[in-house]
Each structure stands twice: as structure tokens, then as C-alpha cells.
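Beneath this line is the structure, given in C-alpha cells, with notes to follow.
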Amino acid sequence: MSSMPVSRPGRTVEWRFRHLPVLILMLCLRQTGAGQCSGIASTPQAAADCAAYAVPLGKVVPLDSMHSYSLAELIDLAERNNPSTRVAWERTWQRADELGIAKSSYYPLLAGAAVFGDQRGITPFPKPIAPRGYVMVEVPSVIPQVSLEYLLFDFGRRGAEVDAATAEKLAAGANFIQANQTVAFRVASAFYQLLTQQERLAAAEATLKTAQTTADAAEFQLRNGRATLPDVLNARAEASQAAFDRESADGDEKVARVALTEAVGVEPSPNVVIDAANSAPMPSELAASIDVLIDRAIADRPDLAAQAAQIRAADDAIRAARSDYWPQIVLQGSAAQTSIWPTADYGQLGYASQPTWATALSVRWKLFDGGERKNEVARAESKKREAQETMREKRDQATREVWTAYIGFRTALRKQQAAVALLDSATASYSSSLDAYRYGVKNLIDVVTAERQLAQARLSSVSARSQLFLEAVNLEFVTGNLLRTGPRATTNSPSAPAIPAPSPAPPPSSNPPQDDRQR
């Protein structure tokens, strides 16, 4: 069976996102009714119920190479297409079926059978009655029958099994949410990695134009006798290096496209277009303290909820194992219509077609089993201890991940602020160095140094901006709030200008001014 349920009518994505930060984008995405229940189920119980009753979607949704995808649309596609979400959905479906199997033990077992037979046998008789001392009897028969078996009392075994199956279903629902969050995080990371590579490509193209402007200025100075041939060759070498960097950035951008399509769960290909506007509100500060974020993660993370359900299931397994030490009371009965046509080689036998029945109330009690029940209880108790230790490990891991994401976001925020200042300074430095070179105040080495600083500042600005978005979505992910309606971990600035890509300086004038006043 295919795994993806069809989105509910009226809950499709109704608006386009223009490269919003993931935190706002996820808040909107939660209202879209994603194709795998995640948009309408944010609790383990709701996710498990949705997966149990949703209609499967059999086809993998392909990407449209002519459509510009927002991050919300890509995440929605990934939830439908990614194999890990499909596997999690199927497992949730299976746990719901196992709960139904466990509940069925509360009902009686009713079975129908029909026996069509023919039996031939020898019955000894005294010779005064039978001349040969025996009678050969043949009995054809038809016996339709209905049997009933009903377990009346078992000292809580069925209840423990139902409770364990319920806990397993909740664990599967939590794991289903975790799988969707993980896929959403992977898609968001790949999306921003692609955006980073696109902005790096734009920065590399701007750097190439800057290098060409520097080379043009050097050649102009050479023609006017204010520069040497090595200066021109050095400037040309910088332009060639910028062209090389531009081609490298172009290749990295195409590889990032392939990685994004792989994260979405479609055939890896560079044929994907993303909706990436150059301005968007950026995360500006943390909205909660580290203690609040840790408490939120412990309470909301689906992997911890799944592990808590596993502990409850282990408790129920212990109850079920211990119930085997007590007897079971079973009601059994059967009713049939027995029809026979007996014949004998001596004498005459009569035809019969009569209702027949049997009933019994039995008590089953294992008195000795060679230690099976003892070992079952010991194994169930060991599994509970294992689940408890796993929970302790997961809680420590969650705390560590929240601390790491908290520090990472604060660091990324400061780096982004520093990168903006660095880019402004590098832009001003290059412009002034180029002007000074044109007027003969500085040499080409100063211009090339400023040019390299500007190129590095552009790349730093691109990396810092994308890293800030990634750290923001990572903070939501590690606190368990991705694709959910909880309060966000960060706040956003009202607006954020695009990373400036300084235009290349104008070509040198044929009649440069003679002094600063004229400039």
C-alpha cells in the first residue's frame, strides 16, 4: 500500500511565500494541511489517528521545472515524497492495526465449519446375533457446526496488551511527527544552502566586475604613463582568478540544486527553481531564555514523547507477563446439525438428522512451565529499564542540542551584524583605494588588496545571512516546535535589506581632476 494520505479539501497552500524566514514560514505552513497529516496533526494522538484513517496517495508528486517553489511548497512535497516520511506513516498505520488486534481479544471467537464425511468400520457382534461375529457399518454424514469460545476472565492480560498497543500507537504517532520535522529541517537546510550558493554566485559575478574595473583602471593608467606593465598583468591575473571563482560558484550552485531535490524526495536533478526574494524579515533576537527553551524541548520534542510512550508500553508488557501466573476462565460451546445415513451388511440401521450441541466452562491454569513465565517477566522488566535509560540519554541529548542551537544562534546573529559592517567598510575601502589609484596617490597593490577584502566581505555577508536563518530554524527544530503552533524561539526584525552587491566603480575618466577640491 502506498503511504501518503491525500490532503483534506480546502486545506491546500493558499498563498506564496517570498523567502520568509523559516520561523514565520513554518507558522503559515502549519495551516496548509500537508499531504502527510503533519499540517493538521501536531500531537502524537492526532498524528496516529490521522495516519490510521487518512486515504493513501499512491503517486510521487514530481517537481515542475517551470514553477518557482517557495520553501513551504517544497516541505509539503517532501512530506508526500520523502521515503523516510512514507516509512514512518506506514509504521503508524501498522501500530493502529495492532491496537485493533489487541482490542479484538475482548470479543468472543465465533467460527463456522461444515464436515462432509464417510466412515466405514467393523463392529464386533456375537455370532448368535451376527453370523460372522461382526458387522460392517458405513456411515456417510453431513455436520454443519457453529462453535463459540469466549475468554471471560484473565486477570488483566488483555487490558495490559491493549494499553501496550495504545502506547505503541502513540509512540508511532510521535515518531511520525519527528520524521516530518526531520524532513522539513533537511529541506529548509538544503533550501538555504541553495540560496547561499546563489548569493555566492551573485557575489562572485560582482567580484568579477570589480576585478575587470580594476584591470581597466590599470590599463588606463598604463596608457597615460602612470602605471607599469606588471601592474596591468597583476590586475589581469586578479580578473582571471575572479572568473575562475565565478565558474566554481556556478558549479556549487547546481550541486546545491541536486541536493535540494534529493531532500524533497524526488529524482535528484538540478531542474528546480526556488522563490528566493532578496529581502525578508530576519531573526533579530531570542524570544526566550535558555531555561525556557530547554523546558519546552523536554515537554514538546516528539522523540521524547515517543520514548515516554515506550516506557508506558514496557510497563504494560510487565503487567501482561505477570498475568500469566493466574488462571483463565473460558466459555466454550458448539451447536451442529448432524445428519447420517448408516448402512450395515447385516441388519438395518436408521437415518438420523438431529441438532447436537456441547457447552463447557473451563479454567486453564499453568502449574508448571519450566520457568517460561519467570523469564518473560524478567525480560519485560529489563526492557523497561532499557527504555528508562534511553529516555535519560535522549533528555541529555535534547538539552545539549538546545544549548548548541542557542549558542549557535547568538553567534550567528553577532556574525551577521559584523558581516554587514565588514561589507560596508570593505566597499568604502575599495572605492577610496580605486579613486586614490586613479589619481596616483596609491599603487595597484593597495587596490588589489582592497579588492580581495571586498570579495571576502561579500562571501562573509552571504554566509552570515544564511547561517542566521539556518540557526533560527535549527532552534525551532531542537525544541520540537517545527511545523507546530507553539511560540517561536526568536523574534524577527521588521525588515531586512538584501545583502548589498556593490556596483563596480565607474570607468576612469579621460580627464581626471587635479586635486581634492575638484573631486
Residues forming a ring-ring contact (aromatic ring centres under 6.0 Å, His included) with F116, sequence neighbours excluded: none
Nearest-0.5 Å distance that lies between atom CG in L286 and atom CG in L413: 8.0 Å
Pairs where residues 357-397 contributes a residue and the test ring pair (Phe, Tyr, Trp, His ring centres under 6.0 Å) is met, not counting sequence neighbours: none
Residue pairs passing the salt bridge (charged side-chain N to carboxylate O under 4.0 Å, His left out) test where at least one lies in residues 323-338, sequence neighbours excluded: R157-D324
Pairs of donor and acceptor atoms involving the side chains of residues 169-178, under 3.5 Å and at least two apart or interchain, shall be tabulated with distances.
unit_1	atom_1	unit_2	atom_2	d
K169	NZ	D49	OD1	3.0
N175	ND2	A171	O	3.2
Q178	NE2	T182	OG1	3.4

L194 side, atom CG; L74 side, atom CG - distance, nearest 0.5 Å: 9.5 Å
S382 side-chain N/O to R379 backbone N/O, donor-acceptor pair under 3.5 Å: no
Which residues share a salt bridge (Lys or Arg N to Asp or Glu O under 4.0 Å) with R392, sequence neighbours left out: E389
Listed partners of R322 passing salt bridge (Lys or Arg N to Asp or Glu O under 4.0 Å), at least two apart: E381
Of all pairs that satisfy salt bridge (charged side-chain N to carboxylate O under 4.0 Å, His left out), the ones with a partner from residues 94-111, not counting sequence neighbours: R95-E98
Pairs touching residues 151-175 that satisfy ring pair (Phe, Tyr, Trp, His ring centres under 6.0 Å), sequence neighbours left out: F153-F155, F155-W326
Check ion pair E90-R86 (N to O, under 4.0 angstrom): no
For N271, all residues meeting side-chain contact (heavy atoms from CB on, under 4.5 Å), sequence neighbours excluded: S65, S269
Short N-O contact, D316 and R312, less than 4.0 angstrom: no
Atom pair CE (M136) and CZ (R120), whose distance is rounded to the nearest 0.5 Å: 4.5 Å
Sequence-distant partners of Y325, ring-ring contact (aromatic ring centres under 6.0 Å, His included), two or more places apart: none
For D252, all residues meeting salt bridge (Lys or Arg N to Asp or Glu O under 4.0 Å), sequence neighbours excluded: none
Flag for S147-S334: side-chain donor and acceptor within less than 3.5 Å: no
Donor-acceptor pair between Q337 and S353 side chains, under 3.5 angstrom: yes
Set of salt bridge (Lys or Arg N to Asp or Glu O under 4.0 Å) partners for R364, sequence neighbours left out: E149
